[in-house]
J.: 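Please read through the structure below; I'll follow up with questions.
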Amino acid sequence: MGRTLAEKVWDDHVVRRAEGEPDLLFIDLHLLHEVTSPQAFDGLRKSGRPVRRLDLTIATEDHNTPTLDIDKPIADPVSRIQLETLRKNAADFGVRLHPLGDVEQGVVHVVGPQLGLTQPGMTVVCGDSHTSTHGAFGGLAFGIGTSQVEHVLATQTLPLVRPKTMAITVNGELPDGVTAKDLILAIIARIGTGGGQGYVLEYRGSAIEKLSMEARMTICNMSIEAGARAGMIAPDQTTFDYLEGRPHAPKGEDWDAAVAYWKTLKTDEDAEFDAEVVIEAAELSPFVTWGTNPGQGAPLSANVPDPASYEDASERVAAEKALEYMGLEAGQPLSSIKVDTVFVGSCTNGRIEDLRAAAELVKGRKVADGVRMLVVPGSARVGLQAVSEGLDVVFKEAGAEWRHAGCSMCLGMNPDQLAPGERSASTSNRNFEGRQGKGGRTHLVSPQVAAATAVLGHLASPADLSDAPVAAGV
Amino acid sequence: MEAFTTHTGRAVPLRRSNVDTDQIIPAHWLKKVTRDGFEDGLFEAWRKDGKFILNQPERKGATVLVAGPDFGTGSSREHAVWALQNYGFKTVISSRFADIFRGNSLKNGLLTVVLDQKIVDALQDLTEKDPEAEITVDLQAREVRAEGITASFELDENSRWRLLNGLDDISITLQNEADIAAYEAKRPSYKPRTLQG
Ligand code: SF4
């Protein structure tokens, strides 16, 4: 019988297989950041172990870094200590680090792909659940805990039990104005936040094949919100084109050998998945969340659901609680929800394509009165690219704030936070209670919906912008 | 990981059930960047009470925690285990542990011993009356001994083997060093490296 993509990549990384034991898998790339690595380095120090493969390890700073005044000392002492600890660990052990202020600094999941370090058929790990992002290149990529971080540092391997596989087939083509973010939010609403538990998801079908690498990363990124530790997409010409010429992409003969191997990385015709979900792309429209978990979402054209309409008792209670926290009424049109803040950024939607999409919509328009719009590139490089295209000017002229790269308002660990009761439309990935700051209320949206929302002041789709004035000659 | 064969020490009888990981180490301690230095966070809220048993001078230097049932419930934080170890505990005895806590403890070399509630009661009675009373936890013989008390306990063979030999997951993996080296030797040259290019 044939094998799935996930099975092929898995099999290619088995260092040791023994009856009654988990497989020992080789790890091709280990990404580090300041939050989950300190105890792991500490463990190495205590046991007198070196980092086994410095050449397969790279670190960056993202969660705690401010997006303003990055040349000044970091104000919060706890954040500062975490960053200083990473710098010391990197120096002591010889790990390549891109600290705040470095041109390659940024959110760890934006940095890996942009350097060309993330390639098809690799195993990629990081002490961060959104490591699933890297699966967009057709590798196995997943988040790990601190003990496992230490394990990989010391051995470049992990003992793991093989996961099951789930195919998510998206037929057809996404309609105009419908993005990868809308698609993944719809998938999560469909299978639930626990639906992917125990599986590696493989996104496939004609709608997926037409997507850019940026869009594929957005989808794989949020596999974890569907409960799966990993999501992947088979590599194809789009993948190869994205990689060619990047700093760490193979060159010359190596490139040819690599591409020949990458072309074998697809699920065989006769392979069987343990589960399968089919989605018709044509039925999708811009999608937003109304609740406090990423599965609580609906088309933007719909109304806030009535908790009483849920048959499942626990879902009903969850919906009631969510509406209370979010300050929403059942039956209220989603498009009537006014926001205070719009955040464009994060490892979900902080890449150049996302910024271009948002810029295109705010160009010549103004951010609505009383609304704060924060635009945060996912990496310093993305920021530079955007500046070279003049996007920063477009945002600033519209009244948005243009910031330095980092996780920013994706999570309340740095100065960019919502105040209690404040409401945001955010291109990030988690709408948990307090995720963007204590008491903050989050609606997850695409960059396009974020931009339209910023201009109109309430949740809106790009199509709603047709009435909004555009200054002549811009 | 330090090997655990046999340990003898004085005890802290903790007569509370359902001690969750938030009580063992409160959340604000999780911002720390080390596995060390959690000793002051251990049972932080309770230790504000001067009468709390850990604050009694005669319990100083005790290494065996005799806890109530359902010890270690709540979040998966490994910090709870680190806090107990940093404080000086080598082993915890209870009639029931939360699964995740137990997994974490055995991964870190803190031996969690499951005994009948009756025997746990007897150990608590003994050590409450006599703070000098010692408890021996013998992993070789899978036995707990104290004055007038001998009780055997269960532990799966794999965990026992790892503890007796002081093997953490990393040590076990490193026993397969030859397999790792062999795999590395045949990795294709086109795979990326972070330190070049
Ligand atoms: S951008 Fe958000 S989700 Fe991504 S790594 Fe940073 S905090 Fe995590």
J.: Which side-chain hydrogen bond (donor to acceptor under 3.5 Å, both in side chains) pairs, counting each pair once, include a residue from residues 141-157 of chain A, with sequence neighbours left out?
T.: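 Pairs touching residues 141-157 of chain A that pass the test: A:S147-B:E78, A:E150-B:R35, A:H151-A:T155, A:H151-B:T173, A:T155-A:T157.
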J.: Donor-acceptor pair, distance only, cut-off 3.5 Å: does the side chain of B:S189 make one with the backbone of A:D254?
T.: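 Not confirmed, B:S189 side chain does not pair with A:D254 backbone.
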J.: Side chain, backbone, both or neither: which part of B:N108 has a heavy atom under 4.5 Å from chain A?
T.: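 Neither part.
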J.: Among A:L56, A:L54, A:I58, exactly one meets side chain to side chain contact (heavy atoms under 4.5 Å, CB included) together with B:L195. Which residue is that?
T.: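 Considering A:L56, A:L54, A:I58, a side chain to side chain contact (heavy atoms under 4.5 Å, CB included) with B:L195 is found only for A:L54.
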J.: Check whether A:R96 reaches the backbone of B:T194 with its side chain - one donor and one acceptor, N or O, closer than 3.5 Å.
T.: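 Looks like yes, one N/O pair under 3.5 Å.
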J.: Stepwise, does the side chain to side chain contact (heavy atoms under 4.5 Å, CB included) test hold for A:Q39 with B:W82?
T.: CA-CA 11 Å; A:Q39 286 92 352; B:W82 301 340; 3.4 Å; yes
J.: Might you confirm whether atom CD of B:Q175 has over 12 heavy atoms from other residues, nucleotides or ligands at distances under 6.0 Å?
T.: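 Check passes, neighbour count above 12.
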J.: Can you confirm whether B:V33 sits close enough to A:E34 that some side-chain heavy atom of one is under 4.5 Å from a side-chain heavy atom of the other?
T.: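 No; the side chains remain at least 4.5 Å from each other.
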J.: Tell me whether the count of non-hydrogen atoms from other residues, nucleotides or ligands lying under 6.0 Å of CD in B:E157 goes above 12.
T.: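 More than 12 within 6.0 Å, yes.
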J.: So A:K251 and B:Y190, do their side chains get closer than 4.5 Å, heavy atoms only?
T.: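 SC-SC contact between B:Y190 and A:K251 ruled out.
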J.: Do B:E177 and A:R52 have side chains that approach each other closer than 4.5 Å (heavy atoms only, starting at C-beta)?
T.: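 Yes. Closest side-chain heavy atoms under 4.5 Å.
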J.: Between A:T57, A:I81, A:V35, which residue shows the highest count of heavy-atom pairs closer than 4.5 Å to chain B?
T.: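 With the most close heavy-atom pairs to chain B, the winner is A:T57.
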J.: Any side-chain heavy atom of A:P250 within less than 4.5 Å of one from B:K191?
T.: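 Contact flag for A:P250/B:K191 side chains = no.
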J.: Taking side chain as C-beta onward, heavy atoms only, is B:D179 less than 4.5 Å from A:L24?
T.: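 Not in contact.
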J.: Non-hydrogen atoms of chain B under 4.5 Å away: do they reach the side chain of A:Q119, the backbone, both or neither?
T.: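 It is the side chain, since no backbone atom gets that close.
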J.: Could you look at B:N176 and say if it's the side chain, the backbone, both or neither that has a heavy atom under 4.5 Å from chain A?
T.: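 B:N176 touches chain A through side-chain heavy atoms alone.
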J.: Between B:S171 and A:R49, do the side chains contain a donor N or O and an acceptor N or O under 3.5 Å apart?
T.: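 Side-chain D/A pair, A:R49 to B:S171: present.
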J.: Residues of residues 159-166 of chain B under 4.5 Å from chain A (heavy atom pairs)?
T.: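 Near chain A, by residue number: none.
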J.: Could you walk me through whether B:R187 and A:D28 pass the side chain to side chain contact (heavy atoms under 4.5 Å, CB included) check?
T.: CA-CA 10 Å; B:R187 274 180 93 233; A:D28 286 320; 2.7 Å; yes
J.: Tell me, for A:N89 versus chain B, whether the close heavy atoms (under 4.5 Å) come from the side chain, the backbone, both or neither.
T.: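 For A:N89, no heavy atom lies under 4.5 Å from chain B.
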J.: Pick one of side chain, backbone, both or neither for A:V152, based on which atoms fall under 4.5 Å of a heavy atom in chain B.
T.: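 Neither the backbone nor the side chain of A:V152 comes within 4.5 Å of chain B.
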J.: Select one option (side chain, backbone, both, neither) describing which atoms of A:L115 are under 4.5 Å from chain B's heavy atoms.
T.: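 Neither part, no heavy atoms under 4.5 Å.
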J.: What part of A:R45 is in contact with chain B, defined as an atom under 4.5 angstrom from a non-hydrogen atom: side chain, backbone, both or neither?
T.: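 For A:R45, neither part sits under 4.5 Å from chain B.
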J.: At a heavy-atom separation under 4.5 Å, does B:Y183 approach chain A through its side chain, its backbone, both, or neither?
T.: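 B:Y183 touches chain A through side-chain heavy atoms alone.
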J.: Are there over 12 heavy-atom neighbours, none belonging to B:E147, within less than 6.0 Å of that residue's CD?
T.: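 Check fails, neighbour count at 12 or below.
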